[in-house]
Amino acid sequence: MIQVQLPDGTLLEEEDHVTALDVAAGISDGLKRATVAASIADNVVDAMRPLAELTDLRPVPLQLLTSRDAPAATVMRHSCAHVMARAIMRLYEGVGLAFGPVKGNTFYYDFDLATPIREDDFPRIEAEMKKIVKEKEPFERFTMNRDESIQLCSDLSQKLKIEHIETGLSDHESLSFYRQGEFVDLCRGPHIPHAGMIKAFKVLSVAGSHWKGDVSNPSLQRVYGTAFFDKKQLKAYLQQLEEAKKRDHRVLGNRLQLFTISPDVGQGLCLWLPKGATIRATLEEFIKAELLRRSYDPVYSPHIGRVELYETSGHFPYYRDSQFAPLFSHSAGQLVDYWIRCLDPEDADLTPPTDEEERKLLDAALVLGFSVEDFPVSGSANEKRDVLRMWEKRQERYLLKPMNCPHHVQMYKAIPRSYRDLPVRLAEFGTVYRHEQSGELNGLLRVRGLTQDDAHQFCTPEQVEQEFKDTLGLVKYVLDAVGLEDYRVQLSTKDPGSDKYVGSDELWQNAQETLRKVLTEEGLDYIETPGEAAFYGPKTDFMVKDCLGREWQLGTVQLDYNLPERFELEYIGTDNKPHRPVMIHRAPFGSMERFVGVLIEHFAGAFPLWLAPEQIRVLPLSEKSDDYAKDVASRLRQEGFRVGTDLQSARVQAKIRDAQLELIPYMLVVGPREAEQNAVAVRCRIDGDLGVMGFDDALTRLKKERDDRTIRQVVKSEFVAVDDGTGELAEY
RNA sequence: GCUAGCGUAGCUCAAUUGGCAGAGCUCCGGUUUUGUAAACCGGAGGUUGUGGGUUCGAGUCCCACCGCUAGCUCCA
């Protein structure tokens with residue numbers, strides 16, 4: 001016998017092989033039908049497995065999970081992924097199974113399949129899934145040892161599963177499989193008792209992916225779907241998705257004329273239209289004022305810098321692929337540069353030229369005016385490379401700056417520094433250019449030209465902690481000012497297994513420890529992500545979600561022990577000897593582009609008074625009141641408001657409708673009555689008609705709301721489309 | 001960059017099997033002089049992303065390029 005304890009404390013005596021389903025059946029038939037999975041000490045498990053196998057705890061702390069419990073949906077969606085895979089295997093020949101986890105409200109399954117799956121095929125797939133669900137076949141779990149498992153996968157022609165057993169699961173003695181009719185899949189589970197519990201589902205999209213996320217691995221087809229316990233929920237979810245698309249910053253940016261991106265200018269290069277530019281400028285003024293209070297010094301630096309500068313910093317070699325090509329003053333520059341890379345054994349993408357190709361390269365270079373004393377035509381690749389490099393070094397080469405730090409470092413170096421000067425804080429809205437992959441570009445959220453609200457703080461090692469703490473405070477301050485509360489803090493640390501990082505382990509350990517300490521002291525809940533650090537140091541990132549639930553990095557604070565080393569930065573200490581400062585890179589907004597993009601979605605285009613491009617619009621009742629309207633507008637402008645007037649010959653209803661649709665915070669309706677008593681009829685975008693008030697009263701009210709930076713409405717995102725962390729666990 | 005899909009007026013979208021490119025909004029002109037989410041009439045606006053091809057005939061079919069979207073990969 002085995003003792004089972006239910007959440008309400010009830011103790012049950014059950015047979016040795018009792019399952020959660022049996023326990024449910026013992027309570028009521030209805031509960032048995034409703035039981036989707038079980039939870040034992042917060043572990044979600046199969047309801048159809050004997051409890052004794054699942055835990056050593058006695059009594060077994062059992063919680064039955066029904067469709068009302070959130071973890072149950074994850075189990076059901078994972079089972080639905082199996083159902084989808086089964087349907088696809090029925091419809092296509094030679095389907096190789098990869099992974100099929102749950103991600104938030106959705107699930108996907110990766111397939112190795114030569115025939116492309118198209119959107120047109122979704123109805124067919126869904127119809128087949130419906131058949132499977134209707135049959136209500138059970139999910140049956142069984143286990144095998146390694147050899148048997150490999151044999152089984154081999155019999156099923158599932159090569160990827162075999163590879164996974166041999167590599168990813170090399171430490172597993174026993175492996176579990178789930179069978180559902182003819183469909184058998186290596187899978188950790190858990191699953192729902194039978195397919196009939198999937199009440200509503202939809203195949204959403206198909207996209208490419210790679211086996212185990214590695215581009216050098218074969219590409220797979222990833223089919224996304226979603227599933228719910230009832231049709232209404234599915235419908236609501238799909239509707240919510242549609243709603244979310246309406247506040248997409250690309251849609252609103254176009255409708256509200258905030259920005260535009262023209263292919264004629266270039267991919268990922270955004271053009272700030274006056275209204276968007278006003279929002280940006282307002283934010284810039286806001287943070288400039290705060291930086292002044294925090295003893296930052298403003299600086300300016302040019303948009304280009306010598307390639308050598310970035311070679312010294314390490315950015316050029318490390319990020320070359322995502323930078324715009326260097327600008328050479330010599331016509332042969334690009335050619336020689338290409339040639340050098342061909343001769344570089346480290347460059348995996350390019351192979352050394354053949355003799356024939358090399359002759360052509362040399363001829364072309366000569367035509368372009370390349371000249372060296374004696375080019376080692378019959379020399380080794382290394383000799384040639386050295387000669388070409390010598391030539392290249394003599395040329396002027398510039399890079400569109402991908403980072404501001406090297407420029408700021410030079411500013412630090414321009415003046416001898418004493419410990420008394422530190423911390424030195426150099427701030428600049430620095431515009432940088434990065435050649436992001438075309439498939440990555442996304443409205444304002446991922447662009448090729450961006451302006452960081454950047455600053456570099458140079459301090460003594462002893463000051464790092466306080467400086468880092470103050471900077472976190474600044475990031476929180478700016479997020480607070482716009483009412484962004486729904487963010488996640490991420491501490492990105494070094495991946496101990498990788499060699500991409502610079503600096504000693506000890507330095508990294510100390511730096512990471514400092515960051516952890518300060519984050520904890522500041523009461524910030526954070527998630528540590530090993531391997532996400534910059535190559536020069538650990539960082540703290542503030543992550544927010546866009547309208548489709550995708551996560552983006554906004555503010556960032558990064559520690560850097562590397563650049564001071566590379567540029568040999570110094571300050572004179574109390575001992576009258578040179579010491580090395582520490583650098584902090586930080587950008588509370590991140591980039592103006594991304595921040596404004598996120599804000600557009602955060603406010604669904606309806607900006608609070610202090611940020612709205614047009615804060616107030618004065619609406620004369622008819623042409624008779626045009627002059628008074630102009631007068632009111634002009635007086636408000638004197639008070640620093642951004643004011644428009646609507647002098648169309650239209651009814652006031654139409655003018656109001658236009659202003660509402662343009663999401664203007666306040667409308668002032670003025671007619672003869674108002675003109676007579678120096679009054680305005682105030683209409684608020686949110687609350688509607690507020691009635692007539694004297695001009696001065698209205699002004700006081702508006703000024704207060706603006707100067708307090710009052711936020712009256714933000715969009716709360718309810719739906720979860722990103723990985724909630726439970727997904728990958730569901731798959732072996 | 002990769003996989004898949006998409007590209008018709010400034011915007012949102014129509015255009016049967018390949019058979020005369022169309023509507024609403026915006027915009028412009030006129031009438032109207034208006035009290036809290038659309039007054040009325042008229043007009044303009046297009047080499048259907050670009051370039052080739054198939055065809056008597058292409059918005060529609062094929063190829064290449066450009067761009068966009070989703071996902072993957074990348075992200076200083």
Undergrad: Rounding to the closest angstrom, what is the interatomic distance between B:G45 and B:G29 at atom C1'?
TA: 14 Å
Undergrad: Does A:Tyr318 reach a base, just sugar-phosphate, or nothing at all? Heavy atoms under 4.0 Å.
TA: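 It contacts nothing in the nucleic acid.
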Undergrad: Please find out if less than 6.0 Å separates the ring center of A:Tyr536 from that of A:His585.
TA: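 Ring centres of A:His585 and A:Tyr536 closer than 6.0 Å.
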Undergrad: Looking only at the side chain of A:Asn254 (C-beta and beyond, no hydrogens), which of the listed nucleotides B:C11, B:A4, B:G35 gets closest?
TA: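 For the A:Asn254 side chain, the nearest candidate turns out to be B:C11.
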Undergrad: Reckon A:Gln257 touches a base, only the sugar-phosphate, or nothing at all at heavy-atom distances under 4.0 Å?
TA: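 Since no nucleic acid heavy atom lies under 4.0 Å of A:Gln257, the category is nothing.
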Undergrad: Could you tell me whether A:Pro672 contacts a base, only the sugar-phosphate backbone, or nothing, with contacts defined as non-hydrogen atoms closer than 4.0 Å?
TA: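 Contact class for A:Pro672: base.
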Undergrad: Taking for each residue the nucleotide of RNA chain B bearing the nearest heavy atom, is the 5' side occupied by A:Val692 or by A:His435?
TA: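 Comparing both residues, the 5'-ward one is A:Val692.
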Undergrad: Using a strict cut-off of less than 4.0 Å between a Lys/Arg side-chain nitrogen and an Asp/Glu carboxylate oxygen, indicate whether A:Glu532 and A:Lys539 qualify as a salt bridge.
TA: no
Undergrad: Please determine, for B:G29, whether a Watson-Crick or G-U wobble partner exists with both distances under 3.5 Å, and give it or none.
TA: B:C41
Undergrad: I'd like to know if the side chain of A:Asp453 and the backbone of A:Gly590 have a donor-acceptor N/O pair within less than 3.5 Å.
TA: yes
Undergrad: Is there a Watson-Crick or G-U wobble partner for B:U12 with both distances under 3.5 Å, and if so, which one is it?
TA: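 Paired with B:A23.
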Undergrad: Ring centres within less than 5.5 Å and planes less than 30° apart: is that true of A:Tyr319 and B:A76 in this structure?
TA: yes
Undergrad: In whole angstrom, give me the gap between the P atoms of B:U34 and B:A39.
TA: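 Result for the P pair: 14 Å, nearest Å.
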Undergrad: Could you report the tightest heavy-atom contact between A:Arg255 and A:Leu661, atom names first, then the distance?
TA: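 Where A:Arg255 meets A:Leu661 most closely, the heavy atoms are NH1-O, 2.8 Å.
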Undergrad: Looking at every non-hydrogen atom in both residues, tell me the closest pair between A:Gly94 and A:Leu113 and how far apart they are.
TA: O-CD1, 4.2 Å
Undergrad: Report the base-pairing partner of B:C68 (Watson-Crick or G-U wobble, both distances below 3.5 angstrom), or none.
TA: B:G5
Undergrad: Does a nitrogen or oxygen in the side chain of A:Lys500 sit under 4.0 Å from OP1 or OP2 of B:C74?
TA: no
Undergrad: Please name the residue in the list A:Phe107, A:Tyr108, A:Phe122, A:Phe201 that meets the ring pair (Phe, Tyr, Trp, His ring centres under 6.0 Å) test with A:Tyr224.
TA: A:Tyr108
Undergrad: Between A:Lys212 and A:Glu119, which residue's closest nucleotide on RNA chain B lies nearer the 5′ terminus?
TA: A:Glu119
Undergrad: Between B:C72 atom P and A:Phe99 atom CZ, what is the distance in whole Å?
TA: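 After rounding, the reported distance stands at 15 Å.
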Undergrad: So A:Ser209, base contact, sugar-phosphate only, or nothing? Heavy-atom distance under 4.0 Å.
TA: sugar-phosphate
Undergrad: Side-chain N or O of A:Lys655 less than 4.0 angstrom from OP1 or OP2 on B:U34?
TA: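 For B:U34, neither OP1 nor OP2 has a side-chain N or O of A:Lys655 closer than 4.0 Å.
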Undergrad: In this structure, how many angstroms lie between the C1' atom of B:C75 and the CD atom of A:Glu593, rounded?
TA: 15 Å
Undergrad: Partner of B:G51 by Watson-Crick or G-U wobble geometry, both contacts under 3.5 Å, or none?
TA: B:C63
Undergrad: Provide a list of protein-nucleic acid N or O atom pairs under 3.5 angstrom, restricted to nucleotides 65-70 of chain B.
TA:
residue	atom	partner	partner atom	Å
B:G67	OP1	A:Gln267	OE1	3.3
B:C68	OP2	A:Gln267	NE2	2.6
B:U69	OP1	A:Arg250	NH1	3.1
B:A70	OP1	A:Arg250	NH1	3.2
B:A70	OP1	A:Arg250	NH2	2.7
B:A70	OP1	A:Arg550	NH1	3.0
B:A70	OP1	A:Arg550	NH2	3.2
B:A70	OP2	A:Arg250	NH1	3.3
B:A70	OP2	A:Asn442	ND2	3.4

Undergrad: If you draw the axis of the six-membered ring of A:Tyr666, does the NZ or CZ of A:Arg712 fall within 45° of it and under 6.0 Å from the ring centre?
TA: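 Here A:Arg712 fails the 6.0 Å and 45° test against A:Tyr666.
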Undergrad: Determine the contact category for A:Tyr224: base if any of its heavy atoms lies under 4.0 Å from a base atom, sugar-phosphate if only primed atoms, P, OP1 or OP2 are that close, otherwise nothing.
TA: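 The residue A:Tyr224 makes sugar-phosphate contact but no base contact.
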Undergrad: In terms of side-chain heavy atoms of A:Asp689, which of B:G5, B:U36, B:C72 is nearest?
TA: B:U36
Undergrad: Which value, in whole Å, describes the distance between the C1' atoms of nucleotides B:C62 and B:C20?
TA: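 It comes out at 25 Å once rounded to the nearest Å.
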Undergrad: If you take all heavy atoms of A:Trp508 and A:Pro538, which pair is closest and at what distance?
TA: CZ3-N, 3.5 Å
Undergrad: Of the options B:C74, B:A4, B:A76, whose atoms approach the side-chain atoms of A:Arg118 most closely?
TA: B:A4
Undergrad: Can you list the steps and then say if A:Glu308 with A:Arg306 is a salt bridge (charged side-chain N to carboxylate O under 4.0 Å, His left out)?
TA: CA-CA 5 Å; A:Glu308 286 80 356; A:Arg306 293 188 66 128; 3.6 Å; yes
Undergrad: Let me confirm one number: the CD-CG distance from A:Glu601 to A:Asp248, rounded to the nearest 0.5 Å.
TA: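 Those atoms lie 5.0 Å apart.
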Undergrad: Between protein and nucleotides 37-47 of chain B, what N or O pairs are separated by less than 3.5 Å?
TA:
residue	atom	partner	partner atom	Å
B:A37	N6	A:Gln660	NE2	3.0
B:A38	N7	A:Arg657	NE	3.0
B:A38	N7	A:Arg657	NH2	3.1
B:A38	N6	A:Arg657	NH2	2.6
B:A38	N1	A:Arg657	NH1	3.3

Undergrad: Between A:Gln221 and A:Ile117 (side chain of the first, backbone of the second, donor and acceptor by atom type, cut-off under 3.5 Å), is there such a pair?
TA: yes
